[in-house]
There are 2 protein chains.
Amino acid sequence: MHDIKERESSKMRSLERALHVLAVLEESAAAIGVTDLGRASKLSKATVLRIVSVLEKYGYAEKIQGRYRLGAAVLPLAHAYVLGNELTRVALPVLQELAQTTEETASLFVRLGFKRVLVERIEGLRPLRFVLPIGERLPLHVGAGKVLAAAMPEAELHRMLDELGEMHLVSGEPLARQALLSELERVRRQGYAVSPGERMMGIVAVAAPVTDADGATVAAVSLAGAKDRMTPEKIEWVSIAVRDAARMISERYGGARGG
Amino acid sequence: MHDIKERESSKMRSLERALHVLAVLEESAAAIGVTDLGRASKLSKATVLRIVSVLEKYGYAEKIQGRYRLGAAVLPLAHAYVLGNELTRVALPVLQELAQTTEETASLFVRLGFKRVLVERIEGLRPLRFVLPIGERLPLHVGAGKVLAAAMPEAELHRMLDELGEMHLVSGEPLARQALLSELERVRRQGYAVSPGERMMGIVAVAAPVTDADGATVAAVSLAGAKDRMTPEKIEWVSIAVRDAARMISERYGGARGG
DNA sequence: AAACAAAATTCCACACAATGAACCTTCAGG
DNA sequence: CCTGAAGGTTCATTGTGTGGAATTTTGTTT
């Protein structure tokens, strides 16, 4: 995500390098050796080894037969994040209500760099997937991501689009930059986004922004269900329910400042 | 968890300090200012500020009105851990099977220092709790923890008991060190642990160890249910089912070395 | 609204922690 | 038994992390 541009004067070089190694471990599906870690993070073997040794000591990395992978200590961090976070706390009952009345799956996303992260999900009648996808990094230019992209500063948005290059929907259909920009404009105007099968085939999602006291977008509420259940009429009233839910979270979040 | 003993020659002091700050953020329920962070981690304000600035840049910390809390970037780490980990992958279908046949909640724990961490859970008929507790840090001297404690090296176990001091069950009943040691010995002999309401009132848990190819305990499978459903007869056959599940995970885990 | 208090943030010269090239060890394959 | 590849170790050098003090910001009291 963050390239380590050694030129730039970065305070705490060693820490940034360590976090970079952690990011490589996150991306790497399988366990990875120090030589490969060094290659991937552009650091010397010795440096990488020192970093993973410390990470291992604290449980953030695990050594298995000379190879390294993420360690179990990352789980308590995520647990503490979800429990301690004001946003997830106030959103939980609202998402429950939303999932129950619509009988579909309700989710909460926050933006992280040029991606969004699923921070909370309540399944409706039939789960979308079995394994829990909380923490998954998803793109901003499709689905509920559009709500978050619509709130990005113009310049940052264009930097992201430059990085992304050619965009496609899951159907394979290309997504022109101009088409996305107009769509984002429409999302801003109408206050919600509808995404028919943009990221997952056969899944229709409706999403609306959660804002803080200053009106800045801090998260997106999304409701997703199978295409055949999401008729135009249902999408109509669901879009209202989603906006209501997002507004309710916004109010309670803004109201309890300093919690 | 890890005291920062500055005396000891620790390579990568700055990284260890940063991880220590991260641990403080994890423990702190509410957002916390740099002064308090400095107090809690015994570091100067300036140092703490530099550390949290970098953590914030990478999304591991969030600044909200001058106070800091964990950031959303910890969630993708946990997600990657669960997806990429061989153990959770092979355990998933076994836990599903176990939860289905027993109609109770099946869990998988790994040891992390002197605690255990819940890494996977499949709910039975009635969930034990609503909010997902994956990543929770729990003690080793009660419940499924006994299976992990039973596998600790003698010296390490005693160091832990020294740190713990007086132990109590959730009922308030004190737990003598000698009583725990004999119980651990029994767990080793019979290959599983039964914990009637040790950690949570009204919940009975049965647990068995998962071992790697060398026979070392790497995790614990646990099955927990309400006391009134867990009759002695059910505990009897459930303890067999749990051991079978643990053995199956052990075999598949050992079998796929290097995955 | 002014004055104060407390906390966040910036600055800087020094000390020593982090660095990486070179070296050692282990192990798999031929 | 040799060879190559990868994990791990060592140590002199240097530039990075450090913390006290100065400065700005925030928020609380009068």
Side-chain angles (χ1 to χ4, degrees), chain A residues 2 4-22 24-25 28 30-58 60-71 212-214 254 256-259, chain B residues 2 4-22 24-25 28 30-58 60-69 71 213-214 257-259:
Chain A
H2 288 278
I4 290 202
K5 286 157 187 163
E6 297 289 359
R7 304 291 147 201
E8 295 176 22
S9 63
S10 76
K11 47 188 177 178
M12 306 226 76
R13 185 169 67 146
S14 66
L15 176 53
E16 296 217 9
R17 287 174 162 192
L19 295 179
H20 196 240
V21 168
L22 201 62
V24 173
L25 287 176
S28 163
I32 182 173
V34 285
T35 306
D36 289 333
L37 262 176
R39 244 193 296 275
S41 54
K42 289 170 189 165
L43 297 172
S44 76
K45 256 195 319 187
T47 301
V48 165
L49 187 65
R50 248 174 299 120
I51 288 171
V52 290
S53 300
V54 176
L55 291 178
E56 189 195 4
K57 177 177 166 187
Y58 284 76
Y60 294 109
E62 246 174 51
K63 177 157 65 166
I64 182 100
Q65 296 173 309
R67 285 208 186 75
Y68 295 87
R69 64 156 94 121
L70 285 180
D212 66 10
D214 308 327
R257 273 298 182 81
Chain B
H2 288 278
I4 289 200
K5 286 158 187 162
E6 298 288 0
R7 306 289 147 201
E8 295 175 21
S9 63
S10 76
K11 46 188 180 180
M12 306 224 78
R13 186 169 68 146
S14 65
L15 176 53
E16 296 217 10
R17 288 174 162 193
L19 295 180
H20 195 240
V21 168
L22 201 61
V24 172
L25 287 176
S28 162
I32 183 173
V34 286
T35 305
D36 290 332
L37 262 176
R39 245 193 296 276
S41 54
K42 289 169 187 164
L43 297 172
S44 75
K45 259 195 313 189
T47 301
V48 165
L49 187 66
R50 248 175 296 120
I51 289 171
V52 290
S53 301
V54 176
L55 290 179
E56 189 195 5
K57 176 177 167 189
Y58 284 77
Y60 294 108
E62 248 173 49
K63 178 157 61 165
I64 181 102
Q65 296 173 310
R67 285 208 187 76
Y68 293 87
R69 62 155 94 122
D214 307 328
R257 274 297 182 78

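We name chains A, B, ... by the order of the sequence lines, and we start the count at 1 in each one.
The CD-P distance, from Glu16(B) to dA18(C), rounds to 9 Å in whole Å. As a whole-Å value, the separation of Ile32(A) CD1 from dA6(D) P is 12 Å. At whole-Å resolution of the value, CZ in Arg13(B) and P in dT19(C) are 14 Å apart. To the nearest angstrom, C1' of dA17(C) lies 14 Å from CG of Leu15(A). Straight-line distance from the CG atom of Leu37(A) to the P atom of dG7(D): 9 Å, rounded to whole Å. Between the CG atom of Asp36(B) and the C1' atom of dA8(C) there is a distance of 12 Å, given to the nearest Å. Computed from coordinates, the Gln65(B) CD to dA7(C) C1' distance equals 14 Å when rounded to whole Å. Put simply, CZ on Arg17(A) is 18 Å from P on dA17(C), counting in whole angstrom units.
Looking at Ser41(A), its side chain does come within 3.5 Å of a backbone N or O of Leu37(A) through a donor-acceptor pair.
Among dT10(C), dG17(D), dG19(D), the nucleotide with an atom closest to any side-chain atom of Met12(A) is dG17(D). Among dT16(D), dA8(C), dG7(D), the nucleotide with an atom closest to any side-chain atom of Val34(B) is dA8(C). Taking only side-chain atoms of Leu49(B), from C-beta outward, the nucleotide of dA8(C), dG20(C), dT9(C) with the closest atom is dT9(C). Comparing dG20(D), dG8(D), dA7(C) by their nearest atom to the side chain of Thr35(B) picks out dA7(C).
Nearest heavy atoms, Leu55(B) versus Leu25(B): CD1-CD1, 4.5 Å. Residues Met12(B) and Ser14(A) come closest through the heavy atom pair CE-CB, 3.9 Å. Taking every heavy atom of both residues into account, Leu15(A) and Ile51(B) meet most closely at CD2-O, 4.1 Å. Here the shortest heavy-atom pairing between Tyr60(B) and Leu22(B) reads O-CD1, 4.3 Å.
For Arg50(B), there are no side chain to side chain donor-acceptor pair (under 3.5 Å) partners at least two apart in sequence or on another chain.
Nucleic acid contact class of Ser14(B) (heavy atoms, under 4.0 Å, all strands): sugar-phosphate only.
Toward the 5' end of DNA chain D, the nearer of the two residues Thr47(B) and Gly66(A), judged by each one's closest nucleotide, is Gly66(A).
Side-chain atoms of Arg50(A) and base atoms of dG20(C) include a donor and an acceptor less than 3.5 Å apart. For a distance-only test at 3.5 Å, the side chain of Lys45(A) fails to qualify as a donor-acceptor partner of the base of dG20(C).
Axis angle, first five pairs versus last five pairs of the helix from dA1(C)-dT30(D) to dG30(C)-dC1(D): 50°, rounded to 10°.
Remark: Tyr68(B) is not in phosphate contact with dA7(C), judged by side-chain N or O atoms under 4.0 Å from OP1 or OP2.
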- Task: Please step through side-chain contact (heavy atoms from CB on, under 4.5 Å) for the pair Tyr68(A) and Asp36(A), ending with a clear verdict.
- Result: CA-CA 10 Å; Tyr68(A) 295 87; Asp36(A) 289 333; over 6 Å; no
